[in-house]
Each structure stands twice: as structure tokens, then as C-alpha cells.
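In what follows, every chain begins at residue 1, and chains take the letters A, B, ... in the order their sequences are listed. Note that the coordinates shown come from a computational prediction; the quantities given were computed from them, not determined experimentally.
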2 protein chains.
Amino acid sequence: MSLPHMLLGLLEEGSMSGYELNKAIHDSIRHFWTTDQSQIYRALHKMEADGWLRVETVIQADSPNKKVYHLTEAGREALAVWLRTPLVNQPLREAWLAQIFFGSAIPTAETIRLVEGYRKGVAEGLAALEELQARLPAAGERAHVPRRYQYQLLTLDYGMAYHRSMLATLDAMLEQMKLIAEVTE
Amino acid sequence: MSLPHMLLGLLEEGSMSGYELNKAIHDSIRHFWTTDQSQIYRALHKMEADGWLRVETVIQADSPNKKVYHLTEAGREALAVWLRTPLVNQPLREAWLAQIFFGSAIPTAETIRLVEGYRKGVAEGLAALEELQARLPAAGERAHVPRRYQYQLLTLDYGMAYHRSMLATLDAMLEQMKLIAEVTE
DNA sequence: TCCATCTATATGCACATACATATACGTATC
DNA sequence: GATACGTATATGTATGTGCATATAGATGGA
């Protein structure tokens with residue numbers, strides 16, 4: 001389970017409440033990790049019990065009080081260890097590929113339509129990432145950007161490369177499927 | 001949940017027992033879907049209760065009796081429907097990218113080492129797929145191959161394209177990280 | 001005044017899934 | 001005779017996870 005370590009990483013940049021962590025996940029790591037609000041609070045409770053976090057209750061006048069979490073030394077250490085720990089590589093798990101694999105059970109035109117839909121979804125995902133990147137420094141200017149920020153940009157690069165490759169692969173797949181349709185229909 | 005539909009797809013090609021389905025998953029769709037043996041039996045029970053499958057108990061002399069599952073009309077129909085149904089597109093979920101995103105908390109050399117490890121894993125995955133493909137028809141001969149089989153090859157193509165793209169992206173990432181290391185260390 | 005919305009935290013619940021374990025038959029090996 | 005292995009099916013259980021819901025203070029608009 002990685003969520004606690006995501007939270008450690010975010011809290012290393014600055015102390016936050018669960019509510020703020022939820023927003024931070026949505027704003028900055030959504031392109032490779034999403035989670036439910038309820039999981040965040042559950043994770044925070046466990047992390048506090050494990051001594052990774054210290055809670056500070058902040059009384060607010062203009063909105064409900066909040067519990068701001070701070071990294072402890074143990075938490076900082078847990079993050080540093082995790083950042084060096086190779087994760088077990090998860091095998092591909094793509095249910096939609098089964099719709100291709102077993103596609104011969106329905107007319108080719110229908111599977112083509114399906115894949116075109118998936119292509120559209122990927123194109124939209126890529127557009128969202130490109131829009132995000134347009135508001136950030138270009139590759140040439142990166143050397144002058146804080147180190148922390150350079151790492152963050154690398155994950156955005158990965159997301160875009162993934163989407164572009166996916167588009168190209170889907171296009172190739174669609175071409176092959178059109179050949180199948182020609183021969184057999 | 002997709003496992004029941006995976007089983008429908010496999011059983012459409014021929015009736016099998018749970019034990020044989022487990023082997024079929026390992027032999028032919030492992031490159032995009034894996035599962036535990038226990039889930040297969042649980043899924044089969046549910047699918048039978050839902051009327052998608054019919055059981056035939058086969059008495060064997062040389063090994064324990066087996067329960068061979070056959071598709072019913074309802075099962076065949078459920079497969080056909082699923083094959084046309086767009087799956088909700090799952091957002092990227094790559095915990096290792098968080099190790100990059102938060103990488104500034106440890107020396108760059110350590111993150112480089114980590115990514116090199118991941119690169120090795122991807123290269124091994126690609127090698128396994130290439131070995132598998134070497135025993136199958138090349139692209140030029142595909143037109144003369146059964147339609148069912150052509151679809152199966154497309155999923156292998158996808159797996160290889162994914163791995164190749166992943167390798168290229170990781171290499172680019174490693175180059176960027178070496179630049180970071182030069183500037184800041 | 002009522003209602004919606006934002007801030008803020010928390011629990012209930014269902015589902016998917018993996019790991020471990022249990023049972024049991026037949027064959028081959030030591 | 002004991003042990004290991006392949007075949008074959010099944011349950012127990014823990015964990016990860018998302019959706020729904022509950023509670024509640026403050027603000028702003030209809």
C-alpha cells in the first residue's frame with residue numbers, strides 16, 4: 001500500500017490537514033495517483049498511531065477547526081527508506097485487452113468502434129496533461145528551476161510519453177483490425 | 001470486475017474445468033491479466049448460479065474427477081454484450097512515479113539506481129514477450145492465420161509496444177536525472 | 001428563512017483480490 | 001512405506017479501495 005507514503009511525501013513539503021492533502025493529491029499527483037477522501041483520513045490515523053505524524057489542532061474562526069499533520073523524525077525516515085525501496089513490479093492488468101483478445105466472437109467493425117472510443121479517451125487524457133504542461137517551464141528552462149520541481153516535471157513527462165505511445169499503439173491496432181475486417185467480411 | 005468475462009472468453013473457445021482455466025490464463029492471457037486460482041473457482045460458482053455456465057462432472061480414472069464448464073446461451077450472450085461495452089477508463093496508477101515525484105528528498109544517485117532497477121524489470125518483461133512472439137507467425141504471414149488468432153496476436157503487439165515505449169521513456173528520464181545530479185551535486 | 005456550498009473529519013459497507021490452507025486422488029521415486 | 005508431485009476443488013481471511021453517508025460550522029444568495 002502506497003498511500004501513506006504519498007502523504008509522507010506531500011507533508012515533507014509542508015504540514016497540512018487531511019482536507020488539504022486531498023486537494024494536494026488532486027492538484028499535483030492526480031496524473032499518476034488518485035484516491036478517495038475517506039482513505040486519506042484512515043491513513044492519517046494509522047500513520048499517527050505508527051508515530052510517523054504529529055497532530056496539531058488548529059482552531060479556525062471562519063471555518064471548522066482542522067487537524068494539521070506534521071512529519072515526525074520517524075515519518076521523515078520512513079519516507080527516505082521508501083524512496084529507495086524497489087516496488088514489486090506489477091504485471092500489466094488491462095481488462096480492455098481481453099475485449100481485443102476475444103474480439104473474434106463479434107463482428108470486427110464493433111471492436112473497431114470500441115477501440116476508437118478508447119483512443120478518444122487517451123487523446124483527452126493527453127490533452128489535459130498538455131494543458132497542464134503549457135503552464136509550466138519548458139525543457140530548455142528546466143536547469144534554472146528548483147530541484148524538487150524538476151523531479152515533479154519528470155513524472156509529467158512520463159505521463160505524456162505514456163499517452164502518446166498509447167495513441168500510436170492504438171492507431172497501429174486499428175489499422176490491423178481494418179485489415180482483418182477486409183479479409184473476413 | 002472482469003474475471004467472469006475472461007472465463008467466458010476462454011470457455012467460448014472450448015469447455016474446460018477450473019483447473020484447466022487456470023492454466024489457460026497462465027498460458028495465453030498472462031501478458032495482460034493474472035489471477036489467483038481461488039478466484040477462478042469462486043467466479044465459476046457465481047457464473048453457474050447466474051446461468052452463464054452449465055457443469056458436467058467428468059469421472060477420471062487416472063486423476064481426481066473434474067467439473068467441466070460449458071457456456072450456456074445466456075453465457076454466450078453475456079460475452080457478446082461485454083465485448084461491445086466500453087470499460088470505464090482507469091486513470092494511471094503508478095506508485096513508483098511517486099518515488100520520482102518526491103525524489104528530491106534523497107540524493108539523485110539513489111533515485112537513478114532505483115529507476116535503473118525498474119528499467120531492468122521492463123527489459124526482462126519485454127524479452128519474455130519477444131521470446132513468446134518468436135514462436136508465433138510474423139506480421140507478414142498474419143493474413144493467412146485464423147481470425148481468432150489474429151486478435152490474440154494484437155494483444156501481444158500491444159504488450160511489446162508498451163514495454164518498448166516504457167524502456168525509451170525510462171531512458172529519457174534517466175538522462176534528465178543525470179543532468180539534475182550534475183547541477184546540484 | 002431556507003438552501004446550497006465550502007470547509008472539515010469520520011464511519012459503514014461492499015467488492016475485488018491475493019495469500020494461505022484444507023482436502024483428496026493417483027503416480028513416481030527414494 | 002514415506003514422500004513429493006501433479007491433478008482437482010474449495011474455504012478462510014486480510015487488505016486495499018471506492019462509494020455512500022453522517023455530522024457540523026460558516027458563508028452567501030434566493
Side-chain angles (χ1 to χ4, degrees), chain A residues 1-7 10-11 15-27 29-30 32-50 53 55-69 82 87-95 98, chain B residues 1-7 10-11 15-27 29-30 32-50 53 55-69 82 87-95 98:
Chain A
M1 216 241 314
S2 310
L3 178 57
H5 297 100
M6 306 278 165
L7 299 180
L10 290 169
L11 289 172
S15 300
M16 275 183 275
S17 67
Y19 190 81
E20 289 160 337
L21 281 165
N22 188 39
K23 289 196 160 179
I25 286 178
H26 186 80
D27 290 346
I29 68 175
R30 181 187 34 172
F32 63 84
W33 195 266
T34 59
T35 191
D36 190 80
Q37 163 262 124
S38 61
Q39 301 313 315
I40 294 174
Y41 290 106
R42 273 193 262 254
L44 288 172
H45 295 328
K46 173 143 200 319
M47 292 163 77
E48 195 206 338
D50 291 348
L53 303 180
V55 198
E56 175 201 4
T57 301
V58 174
I59 281 83
Q60 297 186 120
D62 54 339
S63 43
N65 299 341
K66 63 180 176 181
K67 293 162 73 175
V68 171
Y69 289 89
W82 184 75
L87 304 177
V88 288
N89 117 44
Q90 298 299 323
L92 259 193
R93 190 175 190 79
E94 304 272 7
Chain B
M1 216 238 319
S2 311
L3 178 58
H5 297 101
M6 308 276 164
L7 299 179
L10 291 168
L11 290 172
S15 299
M16 276 185 273
S17 67
Y19 190 81
E20 289 160 337
L21 281 164
N22 188 39
K23 288 197 163 177
I25 285 178
H26 189 262
D27 290 346
I29 67 175
R30 180 186 33 170
F32 63 83
W33 195 265
T34 60
T35 190
D36 189 79
Q37 165 263 123
S38 62
Q39 300 315 314
I40 294 175
Y41 291 106
R42 274 193 260 252
L44 288 172
H45 295 328
K46 172 141 201 316
M47 292 163 76
E48 195 206 339
D50 291 349
L53 304 179
V55 197
E56 174 199 5
T57 301
V58 175
I59 281 85
Q60 299 187 118
D62 54 339
S63 41
N65 299 342
K66 64 180 174 182
K67 293 162 75 173
V68 172
Y69 289 89
W82 184 75
L87 304 177
V88 288
N89 115 45
Q90 299 297 325
L92 260 194
R93 190 175 189 78
E94 304 273 6

*Within the structure shown, what part of the strands sits under 4.0 Å from A:Asp36 by heavy-atom distance: base, sugar-phosphate, or nothing?*
base
_Mind checking if B:Gln60 touches a base, just sugar-phosphate, or nothing, with heavy atoms under 4.0 Å?_
sugar-phosphate
*Return the 5'-most residue of the pair A:Thr34, B:Val68 with respect to DNA chain D, ranking by each residue's nearest nucleotide.*
B:Val68
*A:Arg42 or A:Ala61: which one's nearest nucleotide on DNA chain D is closer to the 5' end?*
A:Arg42
*A:Lys66 has an atom NZ; how far is it from atom P of C:dT7, in whole Å?*
11 Å
*Sugar-phosphate only, base, or nothing, as touched by B:Ser38 at under 4.0 Å among non-hydrogen atoms*: base
*Keeping the roles fixed (side chain from B:Glu20, backbone from B:Ser17), state whether a donor-acceptor pair exists under 3.5 Å.*
yes
*Within the structure, does a side-chain N or O atom of B:Ser63 lie under 4.0 Å from either OP1 or OP2 of D:dG6?*
no
*Considering all heavy atoms of both residues, which atom of B:Gly18 and which atom of B:Ile40 are nearest to each other, and what is their separation?*
O-CG2, 4.0 Å
*Over all atoms of both residues, closest heavy-atom pair of B:Tyr69 and B:Glu48*: CE2-OE1, 4.4 Å
*asked:* With a 3.5 Å cut-off and heavy atoms only, can you find an N or O donor on one side and an acceptor on the other between the side chain of B:Arg93 and the base of D:dG16?
replied: no
_Rounded to whole Å, please give me the gap between CG in A:Leu21 and C1' in C:dT9._
13 Å
_Rounding to an integer number of Å, can you tell me how far B:Lys23 NZ sits from D:dT7 P?_
4 Å
*Looking at A:Lys67 and A:Thr57, what are the two nearest heavy atoms and their distance?*
CG-OG1, 4.2 Å
*Rounded to the nearest Å, what distance is computed from the CD atom of residue B:Glu48 to the C1' atom of nucleotide D:dA10?*
14 Å
*D:dA10 base to B:Gln37 side chain: any donor-acceptor pair below 3.5 Å?*
yes
*When the distance from CG of B:Leu3 to P of C:dC15 is rounded to whole Å, what number comes out?*
16 Å
*Could you give the CE-to-P distance, from A:Met16 to C:dT9, as a whole number of Å?*
12 Å
_What I want to check is whether an N or O donor and acceptor connect the side chain of A:Gln39 with the base of D:dG18 at under 3.5 Å._
yes
*What's the verdict on side chain to side chain contact (heavy atoms under 4.5 Å, CB included) for B:Tyr41 and B:Leu21, showing C-alpha distance, side-chain angles and the deciding distance?*
CA-CA 10 Å; B:Tyr41 291 106; B:Leu21 281 164; over 6 Å; no
_Rounding to an integer number of Å, can you tell me how far A:Asn22 CG sits from C:dT9 C1'?_
11 Å
*Can you tell me how far P of C:dT9 sits from OH of A:Tyr41, to the nearest Å?*
4 Å
*asked:* Side chain of B:Tyr19, heavy atoms from C-beta onward: which of D:dA8, D:dG25, D:dT27 has the nearest atom to it?
replied: D:dA8
